[in-house]
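Reading through the structure tokens given below for one structure.
In what follows, chains carry the letters A, B, and so on, assigned in the order in which the sequence lines appear, proteins first and then strands, with residues in each chain numbered from 1.
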There are 2 protein chains.
Amino acid sequence: MPSERPRRRIPEATVARLPVYLRILGEQGDEGVECVSSDRLAELAGVNAAKVRKDLSYLGSYGTRGVGYEVAYLVYQIRRELGLTHDWPVVIVGAGNLGQALSGYGGFGQRGFPVVGIVDVDPAKVGTVLGGVRVRPIDELTQIVQSKRVNIGVITTPPGAAQDAAERLVKAGITSILNFAPVVLSVPRSVEVRKVDLAVELQILSFHEQRRATVAPGALRPVSGAAPRRTASA
Amino acid sequence: MPSERPRRRIPEATVARLPVYLRILGEQGDEGVECVSSDRLAELAGVNAAKVRKDLSYLGSYGTRGVGYEVAYLVYQIRRELGLTHDWPVVIVGAGNLGQALSGYGGFGQRGFPVVGIVDVDPAKVGTVLGGVRVRPIDELTQIVQSKRVNIGVITTPPGAAQDAAERLVKAGITSILNFAPVVLSVPRSVEVRKVDLAVELQILSFHEQRRATVAPGALRPVSGAAPRRTASA
DNA sequence: CCCGCTTTGTGAACGTGTGCACGAGCGCGT
DNA sequence: ACGCGCTCGTGCACACGTTCACAAAGCGGG
């Protein structure tokens, strides 16, 4: 029995890829595949095979040389490493467009992150039901967080309200925040913040589009027929 | 007149931060601030001051020693570098929860990315109006892309439909894709893809939560009072 | 006009991440 | 039982990104 503990610190870059491997392995498992090689997994994940092996080696030596990785076992190990052996309930602050969409999107709960509460400052929004959860006033945030043992908060407020939302979440006892507002949050060092900024993503795409235009001055898109060769990509 | 051209290749990490600087500079400008130092900008952006200076130095020498950076001029330079001197119209494929939220979210158009079209395969969704744009059948995608000169497509379909959506976008002439579906897209090398995967973000937070729990076995959260000291963070 | 204060711009050191290439180990067929 | 082919695990070199530390350069005051 390999009760080997992952001594090594896992690099952030690897942590960010493990969820991708996990999803793919889950799909393979559903299709009845019992074993995958690093080459196959790399192809499906759109990355280098050596990277896959190195990433997985941080979890321990769970592959079999000459054969590959047993899907079910690997899924179990990755889930354990990511802390997905139990659900992580989340609260959403901000019942605007995005907050509504996220709570309505069932994929959240399916992947182990059930939305157990949505709060908003706007009394007009309180009481409406989104994806099976009733919107509640923001004063009840602390009560929700503590009664449901919530560690993760999601901010989907307008920019101006985001810092206040973060402070309320922290005060309520939250230790991780996923921030959709285009604002740099100021929180205690002990709280982990990740941000998702759609405008930033689009501006990065814009940069590459613009560069393409200036480097190759073939101004007008060729609007050529179908896609030529294709490659796996992020 | 410093008609200096940015000879140097700009690192990806820098490109990803420029939009943040740009937003902050815009806010400062609105508040009447005319000049900022790298220290101040770093504080507002939650990064290291040296990083700010190095990032900005890739654009050219646009600061004044002993003084700082002129806000308006720097805004102009960053916008130019990011290709934001004109609007980039976008099309959205998938009028589900998220697609609706994105088109309803006005901040898109405000930041130079007007949504000029939404398409869906579901006839039931076609015809409804979201954020001022009518949902149209997916067959009209190519026509929209070409008549409106669209370069950027956004995929907000369910996972199973994402690859098809990508292929249709590519065929229509799109060269950049922002993908919200939890799927690795296969596209020609010439097409730039960025992905935003909410489940991945949550799983990364989960990893750190779990690690926290195993390293410091103080199991129960102290639920201490207010936030102690705070630091700028991402 | 010169001096000292401030802040930029950047070389150099360090740390993190990537990819190659190859040894080590496993299974299978004979 | 043995060798052969396959795939994992990893040392190493390289590229990328971050941070430090300091010289160069502008501004203001006397």
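Counting atom types as modelled, B:Arg65 pairs a side-chain N or O with a base atom of C:dT8 as donor and acceptor under 3.5 Å. Looking at B:Lys54, its side chain has no donor and acceptor atom pair within 3.5 Å of the base of D:dG17.
Listed nucleotides: C:dG9, D:dC27, D:dG17. Nearest to the side chain of B:Pro11: D:dG17. Comparing D:dG17, C:dG9, C:dG19 against the side chain of B:Ala13 picks out D:dG17 as the nearest. When the nucleotides C:dG17, C:dT18, C:dC26 are ranked by their closest atom to the side chain of A:Lys51, C:dT18 comes out on top.
Between B:Leu41 atom CG and C:dT7 atom P there is a gap of 14 Å when expressed in whole angstrom units. As rounded to whole Å, 9 Å separates atom P of D:dG17 from atom CZ of B:Arg17. Atom CG in A:Leu59 sits roughly 14 Å away from atom P in D:dC8 (whole-Å rounding). Note: CZ (B:Arg9) to C1' (D:dC16) measures 8 Å, nearest angstrom. B:Glu70 has its CD atom 15 Å from the P atom of D:dG26, to the nearest Å. Between B:Asp55 atom CG and C:dT8 atom P there is a gap of 13 Å when expressed in whole angstrom units. Distance A:Leu56 CG to D:dT7 P: 16 Å, rounded to the nearest Å. At whole-Å resolution of the value, CZ in B:Arg40 and P in C:dT6 are 18 Å apart.
Test B:Tyr73, B:Tyr21, B:Tyr69 against B:Tyr62 for ring-ring contact (aromatic ring centres under 6.0 Å, His included) and you get one pass: B:Tyr73. When each of B:Leu185, B:Val93, B:Val154, B:Ile152 is tested with B:Ile177 by the rule side-chain contact (heavy atoms from CB on, under 4.5 Å), just one qualifies, namely B:Leu185.
Within the model, atoms CD of B:Glu167 and CG of B:Leu169 stand 10.5 Å from one another, a figure rounded to the nearest 0.5 Å.
Of the two residues near DNA chain C, A:Asn48 and A:Val67, the one whose nearest nucleotide lies more 5' is A:Asn48.
A:Ala50 comes within 4.0 angstrom of a base, heavy atoms only.
Proximity of A:Ser38 to the phosphate of D:dC8: a side-chain N or O atom is located under 4.0 Å from OP1 or OP2. For D:dG9, one of the phosphate oxygens OP1 or OP2 lies less than 4.0 angstrom from a side-chain nitrogen or oxygen of A:Tyr69.
Remark: the A:Glu209 side chain and the B:Thr175 side chain contain an N/O donor-acceptor pair separated by less than 3.5 Å.
Within 6.0 Å of atom CD in B:Glu34, 12 or fewer heavy atoms from other residues, nucleotides or ligands are found, so the atom counts as exposed in its surroundings.
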